[in-house]
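Convention: sequence-line order gives letters A, B, ...; per-chain numbering from 1.
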Amino acid sequence: MRIELRGVLKGYRSVRALDHVSLQIEPGQIVSLLGPNGAGKTTLIRCLAGIAAPDKGAVYFDDQEFTREQMELRHRLHFLPDFPFLFWEQSVLRNLSIVLRLFEADGAGAENRVLELLRDFDLLPLALRPVNSLSRGQAYKAGLVALLAADREVWLLDEPFASGMDPQGIDAFKRHARAAAGRGRTIIYSTQLLDVAERFSDRVCVIHKGEIRAFDTLDKLRELAQDKNNVLEEMFRNLREGRQ
Amino acid sequence: MKLHSPGFERTLRQQVKQAVRRSPELKREFRQAKGSRRHYNLLQVLRPFYGVVLALGIWATVQATGHMVAGLAVINLWLLTLLCAQVPALLTRFYAAPELHTLILLPLSRAQIFRWQLQKHFRQSFYALLDLVIAFGALAYLNGFAAWQWPATLLVAVLAWVLLLALIAFCAARFPRRPFQMVFHGLIVMGLVFFIGRGWLGAAAITALDHGAPALNLILPMGWAVSLFQLLTLEHAWWVALLLLPVAAVIGTLKHSLRRLLADFEYQEPVWNEASDVVPAAAPNNGPETSADQPVRLGLTAIAEIIQIRAFLAAPRWPQNGWLEQKLWRWLNQRERALSEFVFPDGIVLTAVWLSIFRNLFITGMAALALGFISPTFKSGALALGLFVTFCQALAQTINQGRAFQPMRCSGVNTPMYAGFGVGFRELSRLLFKYSIIQAPVVLAYTLVAGVAVALLTDFTAATGLMVGLKSGGLLLACRFILVTLAFSTGTNDTAKIRFRSLALVFLLVTFGIIFIGFGVACLFIPNLWVAGIFWVLALLDAWLFHWVYQWFYHSGRFDLMSLPQ
């Protein structure tokens with residue numbers, strides 16, 4: 001699904017979280033959102049998920065303006081915040097069944113997909129336990145498994161690498177995300193980890209004070225940078241010093 | 001108790017101020033941050049005036065009855081309401097407050113965190129003391145107290161407040177799972193019903209309160225301290241001094257209750273040993289459903305089998321719970337069935353709850369009949385208590401919103417559950433309306449029976465009771481449109497910004513709300529059934545318009561589906 005933001009402006013009282021942001025994301029890409037704290041990364045994800053309403057401008061999915069009435073568009077994307085939306089007293093498996101049914105992804109083959117994902121994320125032994133008995137990382141993995149099993153066209157993830165997931169989980173997520181991008185899924189995630197963004201994204205979007213400062217492939221950004229080996233670090237240094 | 005050094009904070013504050021003054025950019029950011037910090041909660045702003053409302057209620061009651069005991073009963077009922085509100089609040093502060101996530105990361109012992117949270121609870125409860133001081137002050141004024149009696153009045157107020165704190169801690173420690181919230185909402189609704197319908201119900205309610213006041217003040221523990229006020233009046237009822245004994249006993253439990261709460265105040269991730277990977281002799285009958293108390297412990301092979309045979313995706317079993325559930329399931333379309341699992345993840349229980357409500361109503365009737373042979377006051381008391389309990393149950397069942405609007409804390413804001421999964425306004429509303437409509441026959445049956453019972457209690461004819469019961473049931477169902485709308489509104493920041501749209505929204509909703517109350521009151525009090533029916537239809541139409549107008553604003557996408565935590 002092609003995503004486009006046209007002049008999106010979003011403010012919280014006197015703070016401009018997004019300042020006339022225009023952006024185009026083609027399907028089948030992994031996009032990392034980078035930026036200092038309070039730059040507007042989460043707001044951008046919330047606008048895409050329909051949770052935050054832009055004050056001006058609009059979000060388009062496949063050239064169709066996204067409004068709250070268009071539920072068929074909303075069902076094509078899945079949002080996973082830093083603390084996943086789960087029924088904490090229900091078991092992991094029950095949560096999965098609720099999400100799958102909600103996204104109408106409970107058809108034939110769902111069981112094999114769920115089984116494989118639970119194995120990959122080491123959640124199979126915990127599948128019948130209530131989520132509130134799991135650690136934060138395990139609970140996040142439960143939300144992530146729901147997202148992967150529902151397999152929507154657009155995945156929106158807020159800080160997935162700061163969620164307490166173990167290296168095994170992070171590795172499994174990257175693997176599944178790469179495969180999904182290959183199938184045409186668009187994955188947009190925010191992160192503060194520059195090395196992760198460098199290795200795990202097709203395009204990097206740098207936001208600062210609500211403005212898009214850079215949105216390109218790493219190779220292109222490297223061409224513009226002085227320090228070719230530490231492109232993103234240099235960019236952040238420049239942002240901090242107000243040079244870019 | 002402080003979690004920081006005041007000296008350090010002072011120095012830090014000074015240095016930050018100096019740094020801000022020196023840098024124009026920081027100055028600008030500081031101004032912006034200062035602007036975004038301002039939150040006004042109307043209920044909190046109005047809180048100090050609740051005592052005045054209570055004092056007015058007491059004044060009106062004493063004037064109408066001529067008995068001070070009736071005024072004391074009003075204070076007693078007020079304290080019961082506060083108790084029911086404060087017990088869940090205290091439990092939330094200890095076990096579910098958002099700041100706990102931060103506090104546990106600090107180098108603090110759990111006892112220190114417990115004391116910190118408790119301190120906040122006590123600070124908040126000073127409003128209750130203020131209410132009591134104003135209320136007893138009003139009674140003292142009505143009694144024309146001399147100067148020496150005023151400090152003693154203050155002492156009674158403080159004693160009642162301490163007793164309330166002790167009872168809150170006791171209930172939180174001993175009965176954490178009792179439906180305090182439900183009783184609180186029931187009391188508030190009953191209070192509103194009596195206020196709005198005071199022209200019709202007022203005199204009967206005041207008479208019932210006057211008759212039942214002495215018993216009420218003795219039965220409810222809050223009344224023991226409140227009754228001590230009688231020692232200060234001219235009709236010295238010295239036996240009241242005996243109530244000091246149970247008051248002291250309850251206050252004495254405070255320390256133990258707090259110790260008990262502290263013992264349960266544990267932050268630990270439960271550690272589960274791996275279940276051995278054995279295939280059980282029979283597949284689990286209860287499928288994948290588990291409860292927090294008794295999680296299913298199975299080995300990997302058994303869990304994998306549950307998944308492979310799609311047991312976890314099997315249709316829910318709640319439609320087999322009873323007749324109403326079956327009807328509802330048949331009425332729901334495919335999408336609504338999926339939504340019902342999301343909104344009611346524990347399943348829907350209708351028939352059993354309504355059977356329990358009618359059983360309680362029957363028991364109440366029988367008990368009232370039996371007690372009527374001993375005393376008419378006991379009969380009225382039993383009937384009133386039974387009606388109140390069943391009314392709370394019926395209200396909670398009819399307006400149940402499920403879990404879709406539950407706020408989830410993520411990235412520093414509260415987002416309602418439905419917004420996270422992109423569940424639409426129309427589909428969710430439709431499901432909740434169907435949930436209520438399917439219960440309409442039993443709701444009407446309940447209100448008809450309850451109407452007759454209230455008529456018996458208030459010396460009206462059974463026919464009047466039937467008519468009022470029918471109308472009340474109809475209005476309760478019409479309210480659903482408004483309640484669902486308000487549930488949507490609660491999770492958003494629709495009125496956070498002062499803009500033309502927000503003001504227009506508030507204006508329209510308040511107008512429709514007032515019109516609904518007007519039509520509702522007209523429907524209740526106009527004796528002609530046909531004219532009353534027209535007003536009911538108008539009230540229903542108004543409630544639907546209330547919902548429709550909000551839906552239009554919702555879909556226009558000018559506010560966020562999230563709110564800042566207060």
Side-chain angles (χ1 to χ4, degrees), chain A residues 12-15 42 45-46 49-55 67-69 71 73-75 77-91 93-104 106 110-112 114-115 118-119 124-130 132-136 158-159, chain B residues 31-33 35-36 38 269-270 272 274-275 288-292 295-300 303-304 306-310 312-314 334-335 337-339 341-342 345-346 403 406 408-413 415 417 419-427 497 554-562:
Chain A
Y12 297 115
R13 294 182 192 262
S14 50
V15 180
T42 303
I45 290 181
R46 282 188 196 137
I51 290 172
D55 296 333
T67 62
R68 288 203 181 127
E69 273 184 284
M71 295 318 297
L73 277 183
R74 180 59 183 82
H75 288 160
L77 46 103
H78 198 142
F79 168 52
L80 187 65
D82 50 355
F83 283 90
F85 293 105
L86 294 165
F87 293 106
W88 292 76
E89 78 295 346
Q90 302 286 340
S91 70
L93 215 46
R94 177 87 181 113
N95 271 287
L96 286 175
S97 81
I98 290 171
V99 174
L100 288 177
R101 233 191 280 279
L102 210 53
F103 283 109
E104 291 160 28
D106 56 337
E111 64 282 9
N112 295 331
V114 166
L115 190 58
L118 288 174
R119 279 195 176 125
L124 192 58
L126 311 171
L128 295 180
R129 289 197 193 152
N132 58 17
S133 72
L134 308 181
S135 72
R136 194 197 156 195
D158 193 12
E159 303 278 6
Chain B
R31 270 199 299 270
Q32 285 177 348
S36 62
R38 285 193 200 115
E269 274 178 2
W272 306 88
E274 280 304 317
E289 288 184 17
T290 60
S291 75
V296 176
R297 309 293 315 282
L298 294 175
L300 289 181
I303 296 171
I306 286 171
I307 297 168
Q308 270 169 338
I309 62 169
R310 290 173 67 90
F312 76 111
L313 288 170
Q334 204 58 36
R335 175 68 183 158
R337 285 178 180 180
L339 270 181
E341 280 197 64
F342 168 71
D346 293 318
R403 301 279 297 279
Q406 183 183 324
M408 301 296 284
R409 187 82 184 266
C410 53
S411 306
V413 296
T415 307
M417 197 84 167
F421 290 105
V423 173
F425 186 96
R426 282 201 194 94
E427 54 185 0
K497 291 177 186 173
Y554 180 95
H555 283 145
S556 68
R558 289 291 166 218
F559 52 78
D560 306 324
L561 304 185
M562 59 188 193

Between atom CZ of A:Phe103 and atom CZ of B:Phe421, what is the distance when rounded to the nearest 0.5 Å?
-> 6.5 Å

Do the non-hydrogen side-chain atoms of B:Arg335 and A:Leu102 ever get within less than 4.5 Å of each other?
-> yes

Which heavy-atom pair separates A:Asp158 from B:Ser411 by the least distance, and what is that distance?
-> OD2-OG, 2.7 Å

Does any heavy atom of chain B fall under 4.5 Å from the side chain of A:Leu80, the backbone, both, or neither of them?
-> neither

Nearest heavy atoms of A:Ser97 and B:Glu341, plus distance in Å | OG-OE1, 4.5 Å

Once you round to the nearest 0.5 Å, how far does CD of A:Gln90 lie from CG of B:Asp346?
-> 5.0 Å

Tell me, side chain or backbone of B:Phe425 under 4.5 Å from chain A's heavy atoms, or both, or neither?
-> neither

Heavy-atom distances under 4.5 Å only: say whether A:Asp106 touches chain B with side chain, backbone, both or neither.
-> both

Test item: B:Leu561 and A:Arg68 side chains (from C-beta on) under 4.5 Å apart, heavy atoms | yes

Could you tell me which residues satisfy side chain to side chain donor-acceptor pair (under 3.5 Å) with B:Thr415, sequence neighbours excluded, listed by chain and number?
-> none

About how many Å separate SG of B:Cys410 and CD1 of A:Ile51, when rounded to the nearest 0.5 Å?
-> 6.5 Å

To the nearest 0.5 angstrom, please state how far the CG atom of A:Leu86 sits from the CE atom of B:Met408.
-> 6.5 Å

pair B:Asp560-A:Tyr12: side-chain heavy atoms closer than 4.5 Å = yes

Checking heavy atoms, do the side chain of B:Gln334, its backbone, both or neither come under 4.5 Å from chain A?
-> neither

Please list, chain by chain and in numerical order, all residues satisfying side chain to side chain donor-acceptor pair (under 3.5 Å) with B:Arg426, sequence neighbours excluded.
-> A:Glu69

Heavy-atom proximity to chain B below 4.5 Å, by part of A:Arg101 | both

Side-chain heavy atoms of B:Ile306 within contact of A:Leu128, under 4.5 Å | yes

Chain B contacts, top residue of A:Thr67, A:Leu77, A:Asn95, A:Val114 (heavy-atom pairs, under 4.5 Å) | A:Val114

Sort A:Leu124 into side chain, backbone, both or neither according to what part of it lies under 4.5 angstrom from a heavy atom of chain B.
-> both

Polar side-chain atom of A:Arg94 near backbone of B:Pro345 as donor-acceptor pair, under 3.5 Å = yes

Approximate separation, where rounding is to 0.5 Å, of B:Ile303 CD1 and A:Leu115 CG = 10.5 Å

In Å and rounded to the nearest 0.5 Å, what is the CZ to CE distance from A:Arg46 to B:Met562?
-> 4.5 Å

Heavy-atom distance under 4.5 Å to chain B: side chain of A:Glu159, backbone, both or neither?
-> neither

